[in-house]
Amino acid sequence: MEHKLNVFDEKIERQVDNIFEVINNLVDLTNCSNLWFFGNEYDGLSSVNFWYVGADKRLNEFAEYHSENQGIGEKLTADMLEIDQLLIGQGDRPFRQILINYTVNDDGGIPKISLDYYDWPEIGFPLFAADNYYKSVTVGEKYVKQSDRRVVHEMLAYVNAQENNS
Amino acid sequence: MDFKKVPFEKNLIFEVNETFQGIISTIDATQVGHLFFWGELYGDTTTDDFWYVNEENMLIEDSKRVGENEYILSLRMSAEVFLFEKMFSDHQLEPYIHVLIDFDMTGSQVVAKLTFDRYDWRHLNLDLSPDAVWDYYTVETVGPEYLENDDNLADIHKMQEYADKHDETLHYQVFVDDSE
């Protein structure tokens, strides 16, 4: 992702901290050094996810459809959409993907935010493939199902071609 | 009224603050005396709303719930209804059906008074009108003068009578961090 977000505004910061706190209330991050939050916004269809590699090297991932997680998805979605609204309020264009990498320590999480504007369905990839793409670039493709990797490779090739052209 | 110590106090304080921040950032709070948040979890369905009065207890209807902000706020409110419930289920406590929060903004610090109840109004055979559940919580918070139909007062009285005889409520009090 090229578009790093460094300029912070207090309201955005609050939402970003809030996302961490919501996740931290839900899962035990004691043995986790890196946490990724991913939000995808596409013409009113939004989805959120987060993942981290645990001490056992397994990928732990948010499952919005689990009944005990009811409400969490809405909350994370609301925070993500609010970040977008705040950015638009500052004159930025709306993002399509937001990836927040929290470096986890005893005091909480230090965020690094990246924004993307890829219109995956328009480019020819399924909307849900974005999840695998960002998982692959953050924690490695071994955490992506083998059957999904071909699409991820095509997406990576597309992104590299775009970046070389620009 | 007895305020109880809860096993999920940290979460409770967090969610109450989230609820407050979510709503207050979308309204003009200058005249607000009390802000009320109401939520119902029935099966997998949530219903929620908020309303507020000025310091003279007159209902104010001045909400900026428009467009994208309204959608974000509705996601937040629905999430809170689920998450208040989650505190109970995570601690193997009997679930509630309604949550009512009275944010008292008349003092130097915002105080949230929460009431959780388990009144299953639809299954109590009280022969209630469809609006009665809604009306009950309105009357409990701002009195009968804002009811759309005075005829519904008879229903409210039946419900109040039931509630007097069967206390199925839990009350908590939380201080809200309203520093910007």
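Lettering follows sequence order; numbering is per chain, from 1.
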### Message
Can you see whether A/D116 engages A/Y134 through a side-chain donor-acceptor pair at a distance of less than 3.5 angstrom?
### Response
yes
### Message
At a 4.5 Å cut-off on heavy atoms, which part of B/S78 comes close to chain A: side chain, backbone, both, or neither?
### Response
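Contact with chain A: side chain only.
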### Summary
Applying a strict 4.5 Å limit to non-hydrogen atoms, the region of B/E80 in contact with chain A is side chain
#### Entry: Residue, of A/D84, A/N25, A/L76, that accumulates the most heavy atom pairs under 4.5 Å with chain B
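Most pairs with chain B among the choices: A/N25.
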For residues [X] and [Y], establish whether the separation of their ring centroids is below 6.0 Å.
X      : Y      : value
B/W121 : B/Y136 : yes
A/W120 : A/Y133 : yes
B/F88  : B/F116 : yes

### Task
Would you mind checking which part of A/Q85 comes under 4.5 Å of any heavy atom in chain B, side chain (CB onward), backbone (N, CA, C, O), both or neither?
side chain
### Query
chain B heavy atoms under 4.5 Å from A/I88: which part of the residue, side chain, backbone, both or neither?
neither
### Residue list, salt bridge (charged side-chain N to carboxylate O under 4.0 Å, His left out) with B/D155, at least two apart or on another chain
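For B/D155 the salt bridge (charged side-chain N to carboxylate O under 4.0 Å, His left out) partners, ignoring immediate neighbours, are B/K158.
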